[in-house]
Enquirer: 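Would you mind keeping the following structure in view while I ask a few things?
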Amino acid sequence: MEGKRINIAVPASGQDACRELIVYPNCTVKEIKRQFPIYEDYAIFKGWDSLPFKESVDIYDKVQPGDQLYAASYQEVGTGFERR
């Protein structure tokens with residue numbers, strides 16, 4: 001199966017925090033964080049009006065090629081989010 005090329009950015013942090021990656025089936029948020037340690041302490045989500053993905057979520061099923069995902073610190077996301 002073909003991978004999907006996506007971007008993950010940390011808003012207002014500059015280009016160093018924006019990464020382009022290819023996700024394949026069964027690629028979880030946890031695996032992305034392992035590959036890109038810059039996102040280790042961040043919640044990853046699809047849009048500012050959506051909830052962050054749980055670390056066990058298969059990202060491949062949640063994105064389309066070219067999608068932009070965002071990363072924000074758990075403090076910015078709020079205390080109601082449980083990291084798993």
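Computed over heavy atoms, backbone and side chain alike; hydrogens, waters and symmetry mates excluded.
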Enquirer: Nearest 0.5 angstrom please: I59 CD1 to I44 CD1, how far?
Expert: 6.5 Å
Enquirer: Just to verify, what does F36 make a side-chain contact (heavy atoms from CB on, under 4.5 Å) with, not counting sequence neighbours?
Expert: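 Expected list: R19, L21, I32, I38, Y39.
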Enquirer: Taking only residues two or more places apart in sequence or in another chain, which ones pass salt bridge (Lys or Arg N to Asp or Glu O under 4.0 Å) with K46?
Expert: D67
Enquirer: Can you tell me how far apart CD (Q68) and CD1 (I8) are? Round to the nearest 0.5 Å.
Expert: 9.0 Å
Enquirer: Taking only residues two or more places apart in sequence, or in another chain, which ones meet R34 in a salt bridge (Lys or Arg N to Asp or Glu O under 4.0 Å)?
Expert: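 Checked R34 against salt bridge (Lys or Arg N to Asp or Glu O under 4.0 Å); zero matches.
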Enquirer: Against K30, only a single residue in E55, Q35, K54 fulfils side chain to side chain contact (heavy atoms under 4.5 Å, CB included); can you say which?
Expert: E55
Enquirer: In chain order, what residues pass the side-chain contact (heavy atoms from CB on, under 4.5 Å) check against K62, with sequence neighbours excluded?
Expert: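 By the side-chain contact (heavy atoms from CB on, under 4.5 Å) rule, K62 matches F53, V57.
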Enquirer: Starting at NZ of K33, measure out to OG1 of T28 and round the result to the nearest 0.5 Å.
Expert: 10.0 Å
Enquirer: Do you know the tightest heavy-atom contact between S50 and F45?
Expert: OG-CB, 4.0 Å
Enquirer: For K4 and G66, indicate whether the former's side chain and the latter's backbone hold a donor-acceptor pair under 3.5 Å.
Expert: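 No, the answer is negative, given that no donor and acceptor are paired below the 3.5 Å cut-off.
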Enquirer: For D61, check side-chain hydrogen bond (donor to acceptor under 3.5 Å, both in side chains) against everything at least two apart and list the hits.
Expert: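 D61 satisfies side-chain hydrogen bond (donor to acceptor under 3.5 Å, both in side chains) with no residue once adjacent residues are dropped.
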Enquirer: Could you pull out all residues at least two apart from Y60 that satisfy ring pair (Phe, Tyr, Trp, His ring centres under 6.0 Å)?
Expert: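 Testing Y60 for ring pair (Phe, Tyr, Trp, His ring centres under 6.0 Å), a comparison that skips the adjacent residues, returns none.
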Enquirer: Applying side-chain contact (heavy atoms from CB on, under 4.5 Å), name anything that partners E20, two or more places apart in sequence or on another chain.
Expert: R5, N7
